[in-house]
Amino acid sequence: MNSGRVAPPCPPPAELAAAIAALKRERKAVILAHYYQDPAIQDVADFIGDSLELSRKAAATDAEVIVFCGVHFMAETAKILSPDKTVLLPDLEAGCTLADACPADGFAAFRAEHPDHIVVSYINCSAAVKAQSDLICTSSNAVDLVNQLPADRPILFAPDQNLGRWVQRQSGRELTLWPGSCIVHETFSEQALLQLKLEHPQAEVLAHPECQQHLLDLADFIGSTSKLLHRAEASPAPSFIVLTEPGILHQMRKAVPGKQFYEVPGADGCSCNACPYMRLNTLEKLWRCLQTMQPEIVMDENLRQRALAPIQKMLEMSR
Ligand code: 13P
Ligand code: SF4
């Protein structure tokens, strides 16, 4: 573990990106970023991806330090997969409503009520919940993994009930669901979506499966953040209405600059379609964590090993 260092004054905004690049080289660090990060962070990242791709990168990197620009469960997963690396999260308060809605003790009681079930947990959960799971999934492989499970075994699915219901519809399997949800994906206004569809009749609606069913029913394409990005690249449509956190629009606009992208506001026109946890990370905090080597993700080794097994199973099954 690295001891904390005191940071000198932060460089002015115009010099921050260059200062981060220099520090990154000095620390032999790699910067991994999720699509929901602020565009300025995406622009200094070495790799941007969805949860599955970021896990694979974290497992494979030969860098000594992983700076995870995402939320806590993602950085924790990187530490589980790469225990010998220093894993930094620019803001330790970057949590997730899905992980928070599924405490380890409540989850243990839920499992105990269903002792014969296979336990499948969405990667958006704590290490303590992963450690109680048979298999981890992400939004990009959940349907495929559930389809591979023995047909005669019942399945528990936690913690996202919206994703779980979508997996249920896609796979035809009955799932017993933990009642969690994402505040961001539950906020989109159906009325605003219908209005956008009226204004842009040629637009394709792209949606993340964490959205509620009444919105997914209005979507043309449903998938993980990376799958939505690839669909925007491959589709012949001239424009897209995007039902997920609007950070993804930055890469969509870069990938297909000739097309138009519209984000869907929250109910009451609020800007709560941006994830308040993801957006806690800033360029300045990223610079500061590379300077001080803090905040660092530290984990109990016994817990890490128990949480690793279902993640490894996911990686093997989704090759
Ligand atoms: P994916 O990037 O794996 O689709 O996950 C979205 C998400 O909610 C991350 O918090
Ligand atoms: Fe969690 Fe939702 Fe934010 Fe993703 S967008 S980190 S699921 S709160």
Side-chain angles (χ1 to χ4, degrees), residues 32-38 41-42 45 47-58 68-78 89-102 120-126 129-130 136-145 157-164 166-167 170 178-188 206-212 215-216 219 221-232 242-252 263-264 266 270-281 311 314-315 318:
L32 305 183
H34 189 264
Y35 293 113
Y36 298 166
Q37 291 294 282
D38 189 274
I41 291 182
Q42 295 186 37
F47 181 79
I48 312 163
D50 68 9
S51 306
L52 181 62
E53 294 165 335
L54 288 166
S55 304
R56 287 191 171 127
K57 276 281 169 196
F68 212 113
C69 296
V71 290
H72 190 272
F73 76 81
M74 295 180 168
E76 199 174 53
T77 304
L89 177 63
D91 191 321
L92 213 49
E93 297 297 310
C96 169
T97 51
L98 280 168
D100 292 348
C102 191
V120 181
S121 295
Y122 188 30
I123 198 164
N124 297 37
C125 65
S126 66
V129 167
K130 288 184 175 78
I136 299 302
C137 69
T138 73
S139 58
S140 87
N141 61 19
V143 174
D144 179 41
L145 297 192
F157 189 91
D160 188 352
Q161 58 183 320
N162 292 317
L163 175 67
W166 179 70
V167 172
Q170 297 299 304
W178 177 273
S181 55
C182 159
I183 38 161
V184 174
H185 290 87
E186 288 225 314
T187 202
F188 298 115
L206 308 179
H208 195 279
E210 287 177 17
C211 291
Q212 290 170 309
L215 296 176
L216 295 181
F221 183 88
I222 299 167
S224 75
T225 48
S226 281
K227 287 188 178 174
L228 299 183
L229 173 60
H230 296 148
R231 175 65 195 170
V242 183
L243 275 164
T244 194
E245 215 272 6
I248 185 80
L249 269 63
H250 184 55
Q251 295 306 321
M252 288 176 167
E263 61 182 91
V264 182
C270 63
S271 64
C272 38
N273 60 358
C275 175
Y277 305 103
M278 287 278 182
R279 302 303 178 120
L280 282 176
N281 296 324
I311 299 174
M314 167 186 81
L315 295 174
S318 54

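Order of appearance sets the numbers: ligands from 1, and atoms from 1 within every ligand.
Note on ligand 1: M278 sits in its first shell, one or more heavy atoms being nearer than 4.0 Å. Ligand 1 has at least one atom lying under 4.0 Å from a heavy atom of N124. Heavy-atom distances between S139 and ligand 1 reach below 4.0 Å in at least one pair. Under a 4.0 angstrom heavy-atom cut-off, E245 registers as lying outside contact with ligand 1.
Among the backbone and side-chain atoms of C275, an N/O/S atom is found under 2.8 Å from atom 3 (Fe) of ligand 2.
Any N or O atom pair closer than 3.5 Å counts here, and E210 shares at least one such pair with ligand 1. For ligand 1, the polar-atom distance check against T138 finds no nitrogen or oxygen pair separated by under 3.5 Å. Taking only nitrogen or oxygen atoms, main chain and side chain alike, D50 does not reach within less than 3.5 Å of ligand 1.
Contact annotation for L98 and ligand 2: only side-chain heavy atoms (C-beta onward) come within less than 4.0 Å of the ligand. Within the 4.0 Å heavy-atom criterion, the part of E210 lying near ligand 2 is the side chain and not the backbone. Residue Y35 does not touch ligand 1, judged by heavy-atom distances below 4.0 Å. At a 4.0 Å heavy-atom cut-off, ligand 2 does not touch D160 at all.
Proximity to C182 (heavy-atom distance under 4.0 Å) selects the following atoms of ligand 2: 2 (Fe), 5 (S), 7 (S), 8 (S). When each atom of ligand 2 is checked for a heavy atom of T97 under 4.0 Å away, the hits are 8 (S).
Looking at L229, V184, T225, it is T225 that brings a heavy atom closest to atom 1 (P) of ligand 1.
Remark: minimum distance from atom 1 (Fe) of ligand 2 to any protein heavy atom is reached at C96 SG, 2.4 Å. In this structure, the protein non-hydrogen atom closest to atom 4 (O) of ligand 1 is H208 NE2, 2.7 Å.
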